[in-house]
Amino acid sequence: MKYALRVFRKEFVDSARERRALASALLFGPLFGPVLFAVTVGLSVNLGMDESSEPVEIPVVGADRAGNLVAHLGQRLIEVDAERFGDADALRAAVRGGDEKVGLLIDEGFGDALRDGAPARLWIVVDQSNASAQVPRQRLRSAIGEYGSTIGMQRLQLRGIDPHLARPFAVLTDDVSTPSGRSVILLGMMTYFLLFAMLLGGLQVAIDTTAGERERGSLEPLLTLPVRRRDLVVGKVATAIVFMAVSLALAIAAFATAVQFMPLAKIGMSTNLSLRVCVLIFTAVAPFAVLGAGLMTFVASFTKSFREAQTYTSIAMTVPPLPVLFSIFNPVQPSLPLMPVPSLSQHLLVTSVMKGQAIEPTHVLVSAVCTIAIGALCTWGAVRRFRSEKLLV
Amino acid sequence: MIEIRGLEKRFGKVSALVGASFTARDGTITGLLGPNGAGKSTALRILCTVLRPDAGTAAVDGIDAMEDPIGVRARIGVLPHNANLYANLTARENISYYAALQGLDDAAGTAATQRVIDTLQIGDIADRRTKGFSQGQRIRVGLARALVHDPRTLILDEPTNGLDVMATRALRDVIRERRDAGCCVLLSSHVMQEVAALCDRIVILSQGAVVAAGTPDEIRAATGRDDLEDAFVHAIGAGAGH
């Protein structure tokens with residue numbers, strides 16, 4: 001291992017002087033994630049934001065037939081615009097064309113029907129395919145429903161009947177998610193970006209020290225030195241690991257900084273990226289650097305040139321974060337049988353940490369050991385490749 | 001002392017070596033001469049343990065390159081064909097790295113590095129990064145790197161390729177100096193004049209086999225030609241014939 005350390009020392013200095021390697025480790029990797037993440041979160045926040053506190057204006061045809069309803073809507077911050085459209089067809093056309101998100105059409109016989117105790121008809125004019133209209137649509141529907149049930153209860157009371165008889169169930173929602181738990185759906189993507197930033201950080205080094213060394217013609221003299229190929233490869237992989245770990249630390253720091261500026265509070269989310277949480281996240285994810293560095297070095301050792309290596313490692317880079325993507329769309333709970341799966345286990349641990357939940361030390365251990373073992377297997381593959389004369393010819 | 005016996009090597013359908021045998025003694029500069037594609041580099045690469053032969057043996061000081069590659073590598077200093085330096089490191093760092101991987105500790109490595117920098121007279125460029133070095137500067141640093149552990153055996157593949165006259169002369173001086181120190185020097189070249197000017201013994205390789213070997217005089221006598229160049233052409237022709 002003395003020689004592996006010497007190889008590491010040289011490769012580290014060499015890579016640290018290589019602008020390309022340095023830029024991808026210190027700049028692109030750590031910044032790419034948080035920037036993309038901020039954009040994604042920004043979009044999601046705007047889509048899902050609870051707009052009930054904001055007044056909304058809705059065009060109504062026949063508002064004069066339902067004065068009390070209009071007044072009720074006004075209390076719910078739904079402003080009625082009775083002037084804009086003269087007839088139902090004009091309103092429908094406007095909603096269909098997307099000029100209006102939602103409209104309300106009150107039947108000519110609305111007032112009479114209400115007085116007679118018959119169902120008074122009104123139409124909410126919607127375009128179901130317009131996703132952005134969902135919020136005002138829901139608000140209008142629930143405000144009208146609320147007003148309707150008030151009238152219904154008054155009618156029952158007038159007839160001497162307990163209105164509660166008409167409401168056999170009281171269905172309430174008990175939301176047990178914590179504010180930081182709610183943000184996890186969005187922040188779950190963070191693991192993906194962290195893994196990506198980390199892999200990107202060591203990619204140039206992995207290529208430089210294998211395919212790059214071969215392409216530049218410095219590999220053959222190196223192989224004539226009395227050093228075991230194992231030590232050469234371990235030194236090179238170790239360099240990539242260090243670069244990846246630095247990238248990871250920077251990416252976490254960038255995230256911790258970026259979330260301060262994200263409008264998460266608007267959607268009732270809070271983020272918990274204290275120093276302690278950041279350290280825990282680093283501890284959970286860092287073992288993946290061994291796998292990443294081993295895999296990249298292994299793949300790069302099969303290529304003959306820098307460009308070829310870039311092509312293949314770029315493809316290989318998309319594979320490790322796949323379990324994370326899978327679990328974002330098919331959420332699973334952390335459990336011991338899942339911990340041996342690299343990237344998925346890191347994702348689950350990071351998610352737990354950010355939810356503010358306690359994580360099992362055994363989970364961390366199993367995750368780390370299995371991930372490192374797979375990384376060691378990749379490194380062993382690279383050693384085998386270095387022992388083969390195919391590396392040169 | 002280098003001993004090559006019955007070396008065979010194929011790359012796919014191409015036979016690079018078909019039973020080559022020769023010896024290079026200590027205190028002697030042995031030139032491996034042959035046209036392009038004769039198998040010179042392949043033979044040297046097998047000797048340096050970076051290629052494995054399909055048949056035959058290669059040994060340095062009695063140590064078999066296949067059985068104990070690490071032992072062989074510790075005894076040889078190698079300047080491969082088109083070998084390159086680490087562009088981000090200074091010449092001194094390039095040499096120190098090789099000293100470290102040859103097993104020298106930091107203090108010994110630093111001293112050995114300085115010694116070869118002085119020997120090869122590259123003090124003026126020693127602390128510059130090697131990016132942008134001329135071919136002559138690269139060869140000299142490469143040679144310093146190969147000599148840093150003071151090997152008894154020196155293997156140089158086309159060392160004078162791309163060198164100007166002054167650089168070539170300087171290189172020859174270093175090679176002769178190693179010979180005089182009792183080292184075994186084996187170098188390859190496709191330039192007959194180069195080999196004639198420098199080598200004590202010549203091994204002529206053609207189409208993967210040795211077609212003539214000995215001192216320049218012996219080769220002239222064996223081929224019946226007075227002129228070494230004629231002898232070379234004659235020997236190669238004999239090789240091409242069979």
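Being a predicted model, the structure only gives us computed values, none of them experimental. In what follows, chains carry the letters A, B, and so on, assigned in the order in which the sequence lines appear, proteins first and then strands, with residues in each chain numbered from 1.
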Distance-only criterion, 3.5 Å: show the donor-acceptor pairs between side-chain atoms of residues 240-258 of chain A and protein atoms not counting sequence neighbours.
from     : atom 1 : to       : atom 2 : distance (Å)
A/Ser247 : OG     : A/Ala25  : O      : 2.7
A/Ser247 : OG     : A/Phe243 : O      : 3.2
A/Thr257 : OG1    : A/Ala253 : O      : 2.7

Quiz: residues 203-211 of chain A side-chain donor-acceptor pairs under 3.5 angstrom, not counting sequence neighbours:
from     : atom 1 : to       : atom 2 : distance (Å)
A/Asp208 : OD1    : A/Arg216 : NH1    : 3.3
A/Thr209 : OG1    : A/Val205 : O      : 2.9
A/Thr209 : OG1    : A/Ala206 : O      : 3.4
A/Thr210 : OG1    : A/Ala206 : O      : 2.6
A/Thr210 : OG1    : A/Ile207 : O      : 3.4

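Among the candidates A/Leu219, A/Val13, A/Val227, the residue making the largest number of heavy-atom pairs closer than 4.5 Å to chain B is A/Val227. For the options A/Leu392, A/Leu232, A/Asp231, heavy-atom pairs under 4.5 Å to chain B are most numerous at A/Leu392.
Here the CD-OG1 distance, from B/Glu67 to B/Thr49, works out to 13.5 Å after rounding to the nearest 0.5 Å.
Neither the backbone nor the side chain of A/Arg19 comes within contact range of chain B, judged by heavy atoms closer than 4.5 Å. Neither the backbone nor the side chain of B/Arg75 comes within less than 4.5 Å of any heavy atom of chain A. Residue A/Leu222 touches chain B through both its backbone and its side chain, counting heavy-atom pairs closer than 4.5 Å. Interface remark: A/Arg387 contributes no atoms to any contact with chain B (heavy atom separation under 4.5 Å).
Among residues 87-124 of chain B, the residues having any heavy atom closer than 4.5 Å to a heavy atom of chain A are, in sequence order, B/Asn88, B/Leu89, B/Thr90, B/Glu93, B/Tyr97, B/Tyr98, B/Ala100, B/Leu101, B/Gln102, B/Gly103, B/Leu104, B/Asp105, B/Asp106.
Considering all non-hydrogen atoms of both residues, B/Leu33 and B/Lys40 come closest at C-CD, 4.0 Å. Taking all atoms of both residues into account, the shortest heavy-atom contact from B/Val210 to B/Phe22 is CG2-CD2, 4.0 Å.
Between B/Arg172 and B/Glu194 there is a salt bridge, with a side-chain nitrogen of the basic residue lying less than 4.0 Å from a carboxylate oxygen of the acidic one. A salt bridge does not link A/Glu389 to B/Arg45: none of the charged side-chain nitrogens sits closer than 4.0 Å to a carboxylate oxygen.
Not a single salt bridge (Lys or Arg N to Asp or Glu O under 4.0 Å) links B/Arg73 to another residue, sequence neighbours left out.
A/Phe288 places a side-chain heavy atom less than 4.5 Å from the side chain of A/Leu199.
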